[in-house]
2 protein chains.
Amino acid sequence: MNQVPDVLNPACDSRTVLRHLTDRWAPLIVLALVPNALRFGELRARIGTITPKVLTETLRSMERDGLVVRTVTPSSPPRVDYELSELGRTLTTPVETLREWAESNVEAVLANRARYDCGHAATRGRTLLRT
Amino acid sequence: MNQVPDVLNPACDSRTVLRHLTDRWAPLIVLALVPNALRFGELRARIGTITPKVLTETLRSMERDGLVVRTVTPSSPPRVDYELSELGRTLTTPVETLREWAESNVEAVLANRARYDCGHAATRGRTLLRT
DNA sequence: ATCCTTGGTTACGTTGAGGTATCTGATATC
DNA sequence: GATATCAGATACCTCAACGTAACCAAGGAT
């Protein structure tokens, strides 16, 4: 359909894929699954603040996209493992790159915010550049 | 405060930074500004579907984080240019990496979705594995 | 005079992602 | 029996993000 996918083209499906990758929890799930497969409960604990409902939803949609493989072991208490698919594993680099940026630039960003908030309490509203 | 920033730690600020990077429009704005600075209207046209309100909001918060520099030229019709800051430019690689993933895997993802939707229309609801 | 343009602002309405709370089904253990 | 475990399901609610529509100020062009 589209000759060359282009995220900057609003009609291109790649934009929805990008959006999906940048869902609130998807990057964290990918990061959590990079080292090894995890069970539902482990994944939940690893991420810390996600609710079971949202975790299920996000995992389902990632499974649908073929990023994650869900394996059910029908034992006495059921056991369900989630792991990155082959395609999902190719996300490792992009997501890790993002993670590294975030982690190594938190301080800078927080400092910028503080400076901005401070400076704009004074110059209130109008963009200076007088004359 | 935090010794080692870790996105997988719910309390770590790096998580909010990551979340901010994955705002709906932020990645697209970064991508649009990589080649060169753009005026408000150009940026809007480049992205295609963003409303002025949301564009303003997103640009303001990116300016606050020190990712984008806003330059006002008080001419007759006002002129405002937006460009990536030095810090913002360091986002080029992470975001481009994500973009490339999205663009080169759209087809695969769409195919996976189709297969999933098809296979699960039949097996409806219950996880098979009968007996 | 009036219109056009640029880069917004403001007030308002909507929606869907995400959260909360409670429940289930199958075993297994106490 | 009673209770715990695991992996969710379900109903319901909230809120912040996002969208829509209208408006504005200043100067230049017509």
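So you know, we letter chains A, B, ... as the sequences are listed, proteins then strands, and number each from 1.
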For this session: Run the numbers on A/Ile29 and A/Met62 for side-chain contact (heavy atoms from CB on, under 4.5 Å), then give the verdict.
Result: CA-CA 10 Å; A/Ile29 290 178; A/Met62 292 175 76; 3.9 Å; yes
Exercise. Once you round it to whole Å, what is the distance between P of D/dT20 and NZ of B/Lys53?
Worked result: 11 Å
Problem set entry | Stretch residues 23-52 of chain A: residues that reach within less than 4.0 Å of DNA chain D through a heavy atom | A/Arg39, A/Phe40, A/Gly41
For this session: Write down the distance between CG (B/Leu55) and C1' (D/dC18), rounded to a whole number of angstrom.
Result: 13 Å
Problem set entry | Residues in salt bridge (charged side-chain N to carboxylate O under 4.0 Å, His left out) contact with A/Arg60, at least two apart in sequence or another chain | none
Problem set entry | Contact list for residues 23-41 of chain B, test side chain to side chain donor-acceptor pair (under 3.5 Å), sequence neighbours left out | none
Problem set entry | For B/Pro77, side chain to side chain contact (heavy atoms under 4.5 Å, CB included) partners two or more places apart | none
Problem set entry | Residues touching DNA chain D, which here means a heavy atom under 4.0 Å, drawn from residues 58-66 of chain B | none
Exercise. Does A/Leu43 share a hydrophobic cluster with A/Val69, counting links as ILVMFWY side-chain heavy atoms below 4.5 Å and allowing steps through other members?
Worked result: no
Exercise. Which residues pass the side chain to side chain donor-acceptor pair (under 3.5 Å) test with A/Arg46, sequence neighbours left out?
Worked result: none
Problem set entry | Set of residues satisfying salt bridge (charged side-chain N to carboxylate O under 4.0 Å, His left out) with respect to A/Arg64, sequence neighbours excluded | B/Asp117
For this session: Report the residues that fulfil side chain to side chain donor-acceptor pair (under 3.5 Å) with A/Ser61, sequence neighbours left out, ordered by chain and then residue number.
Result: A/His20
For this session: Using salt bridge (charged side-chain N to carboxylate O under 4.0 Å, His left out) as the criterion, list what pairs up with B/Glu57, not counting sequence neighbours.
Result: B/Lys53
For this session: Go through the structure and list residues passing side chain to side chain donor-acceptor pair (under 3.5 Å) with B/Thr49, not counting sequence neighbours.
Result: A/Arg15
Sequence neighbours excluded and cut-off under 3.5 Å, please list the side-chain donor-acceptor pairs for residues 87-100 of chain A, or say none.
| residue | atom | partner | partner atom | Å |
| --- | --- | --- | --- | --- |
| A/Thr90 | OG1 | A/Leu87 | O | 2.5 |
| A/Thr90 | OG1 | B/Trp101 | NE1 | 2.9 |
| A/Thr92 | OG1 | A/Arg89 | O | 2.7 |
| A/Thr97 | OG1 | A/Thr93 | O | 2.6 |
| A/Arg99 | NE | A/Glu103 | OE2 | 2.8 |
| A/Arg99 | NH2 | B/Asp6 | OD1 | 2.8 |

Exercise. Whole-Å distance between D/dC6 C1' and A/Arg79 CZ?
Worked result: 11 Å
Between the protein and nucleotides 25-30 of chain C, which nitrogen or oxygen pairs come in under 3.5 angstrom?
none

Seminar exercise, completed: Walking DNA chain D from its 5' end, the first of A/Arg19 and A/Thr56 to be reached, judged by nearest nucleotide, is A/Thr56
For this session: Check whether any side-chain N or O of A/Arg70 sits under 4.0 Å from OP1 or OP2 of D/dG8, and answer yes or no.
Result: yes
